[in-house]
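The structure presented is a predicted model; accordingly, all values stated were derived computationally and were not measured. Just so it is clear, the values below take in all heavy atoms, side chains as well, and ignore hydrogens, waters and symmetry mates.
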Protein chains: 2
Amino acid sequence: MQSSLKTLFPNFSPELIATIEENGSAQDFKAGTILMRTGQYIKNTVLITKGKIKIYREGEDGGEFLMYYLQPGQACAISMICTAKSEKSQIMAKVTEDVSVMMIPLQMMDKWMMEHRSWYEFVIETYRSRFEEVLEVVDNIAFRSMDERLEFYLKRHSDSCGCSEVKLSHQEIATELNTSREVVSRLLKKMEQRGLVKLNRNQIELLKTNFTN
Amino acid sequence: MQSSLKTLFPNFSPELIATIEENGSAQDFKAGTILMRTGQYIKNTVLITKGKIKIYREGEDGGEFLMYYLQPGQACAISMICTAKSEKSQIMAKVTEDVSVMMIPLQMMDKWMMEHRSWYEFVIETYRSRFEEVLEVVDNIAFRSMDERLEFYLKRHSDSCGCSEVKLSHQEIATELNTSREVVSRLLKKMEQRGLVKLNRNQIELLKTNFTN
DNA sequence: CTTCTTCTGTGATAAATGTTACTGTAGATT
DNA sequence: AATCTACAGTAACATTTATCACAGAAGAAG
């Protein structure tokens, strides 16, 4: 357990790791748990050591829209940003695979930024990469049509799990793209006809050759 | 000129202001100048002291999509983020009203973060507010239809200039929302019929009463 | 095996948005 | 005044996406 921080966050200095273990509290959450809601105040920064957390935006009508996933070795950029002034969360965070996290009280943030170079760099890099990711999301909805967005979504999923099978129902995909199940079914069918995927119940197999370009 | 920094960035400490004036270089740019292109390397952080800069994303087909405007007293969050590692820009920055800026070489960033508390806080706050703004943009395209987005766009414009007349052609609006001029014309006409706006050549007057809710 | 539930496929139709094509008008230019 | 150009209005049509309605198939539960 102690060592997992070291391997997951290889750039952290030994002193920083010690400080984290001293001040943070390790916690586990089951899939389905909602860790953060829109409008809630943020009291902790979260480092993920196991599992997966989905960060998404919720529309007034209850629709949702996927921003990105948090995985082991990553941290929640939003919580870091808001934390500084204990702001309200602008997003929803939901556990999609049982997670283990390190909860770090917000008071530590500013302190460590000054004291630990490796923490400072990690925070900046987290901001940067998330900002970039969100910009890519904007690109997708602003410039691309549903079929392209679907392809991109599947690709991102398979990249993240490292395998070519995406185990999701059409309904789940539709929800994350904020569209309807029928639309997803139809587009997937077309993709199958184009030879891009193979469809099974609750599972979509990406035929990589056509995909990775 | 010296004093403008002080009034525009009231939270900066006197020492920080002195340091900025010492290390930064004041520069002016005419409306229309493109300060940053997608893919370019970033060498400076930019503080705006006069004018307006448009930050937008560019699609492969040349379409554009407005993210937000930078105004006096603000800084380019992207340049701050990327700067840390001299990354490539992910966005376009175009001067829309003649600007004066302070260019700050990227080496200063990290240094000042450690040395000047008020700089650190400014940077964090800039990150936070821009991130929030981008999330709002995502909301708009993900959950709202064109007419709502148009209303939001107009409102934001009038808020930013403090007046109720938006001096833009339908074409310009269409470009920023990445749609076509005809669509904007149609929707504006409908809004006029609903009594929300009054249309003139190159100018849209918001009839506030209905608007500010 | 039978029943139930969830997931998937698909047609028909509606609504929103994009595209094409054309017209008129205001203001600038000559 | 005559001409030109950018801007605005609008109809007709194409395309994309959303919604409704229903049917069949896979797997779970009894």
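Whole-Å rounding puts the N202(A) CG to dT5(C) P distance at 18 Å. In this structure, CG of D147(B) is placed 12 Å from C1' of dA15(C), rounded to the nearest angstrom. One atom, CE of M191(A), and another, C1' of dG9(C), lie 17 Å apart when rounded to the nearest Å. One interatomic measurement links the two molecules: CZ of F143(B) to C1' of dA16(C), which rounds to 18 Å at whole-angstrom precision. In this structure, D61(A) atom CG and dA18(D) atom C1' are separated by 13 Å, rounded to whole Å. Distance K190(B) NZ to dA16(C) P: 7 Å, rounded to the nearest Å. At whole-Å resolution of the value, CG in L177(A) and P in dT17(D) are 11 Å apart. At whole-Å resolution of the value, CG in N200(B) and C1' in dG9(D) are 15 Å apart.
Listed for the E172(A) side chain is a donor-acceptor partner under 3.5 Å among the backbone atoms of S169(A).
In terms of phosphate contacts, H170(B) brings no side-chain nitrogen or oxygen within less than 4.0 Å of OP1 or OP2 of dA6(D). For dT10(D), the OP1/OP2 oxygens have no side-chain nitrogen or oxygen of S185(B) closer than 4.0 Å.
As judged by a 4.0 angstrom heavy-atom cut-off over every strand, S180(A) is placed among the base-contacting residues.
Ring geometry for F122(B) versus W119(B): interplanar angle of 30 to 60°, hence tilted. Taking the six-membered ring where the residue is Trp, Y153(A) and H157(A) present tilted rings, their angle falling between 30° and 60°.
A salt bridge links E60(A) with R144(B): at least one charged nitrogen is closer than 4.0 Å to a carboxylate oxygen. No salt bridge links K198(A) with E205(A); every basic N to acidic carboxylate O contact stays at or beyond 4.0 Å.
Between the side chains of Q90(B) and R128(A), no donor-acceptor pair of N or O atoms lies under 3.5 Å. Side chain to side chain, T126(A) and R130(A) fail the donor-acceptor criterion of an N or O pair below 3.5 Å.
Looking at V46(B) and M103(B), their side chains come closer than 4.5 Å, going by heavy atoms from C-beta outward. Under the 4.5 Å side-chain criterion, counting only non-hydrogen atoms from C-beta, L188(A) is in contact with L154(A).
Considering E136(A), E151(A), E133(A) as possible partners of R156(A), the one that fulfils the salt bridge (charged side-chain N to carboxylate O under 4.0 Å, His left out) test is E133(A). Tested against L35(A), the residues L70(A), N44(A), V95(A) include a single side-chain contact (heavy atoms from CB on, under 4.5 Å) partner, V95(A).
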Protein-nucleic acid N or O pairs under 3.5 Å, nucleotides 20-22 of chain D:
from, atom 1, to, atom 2, distance (Å)
dC20(D), N4, E182(A), OE2, 3.3

Output a table of nitrogen or oxygen pairs between the protein and nucleotides 24-28 of chain C separated by less than 3.5 Å.
none

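Residue M146(B) has its side chain nearest to dT17(C) when only dA8(D), dT17(C), dA18(D) are considered.
The rotation axes computed at either terminus of the helix from dC1(C)-dG30(D) to dT30(C)-dA1(D) lie 30° apart, taking five pairs at each end and rounding to 10 degrees.
Residue V137(B) comes nearest to M67(B) through the heavy atom pair CG2-O, 3.5 Å, listed as atom of the first residue, atom of the second, then distance.
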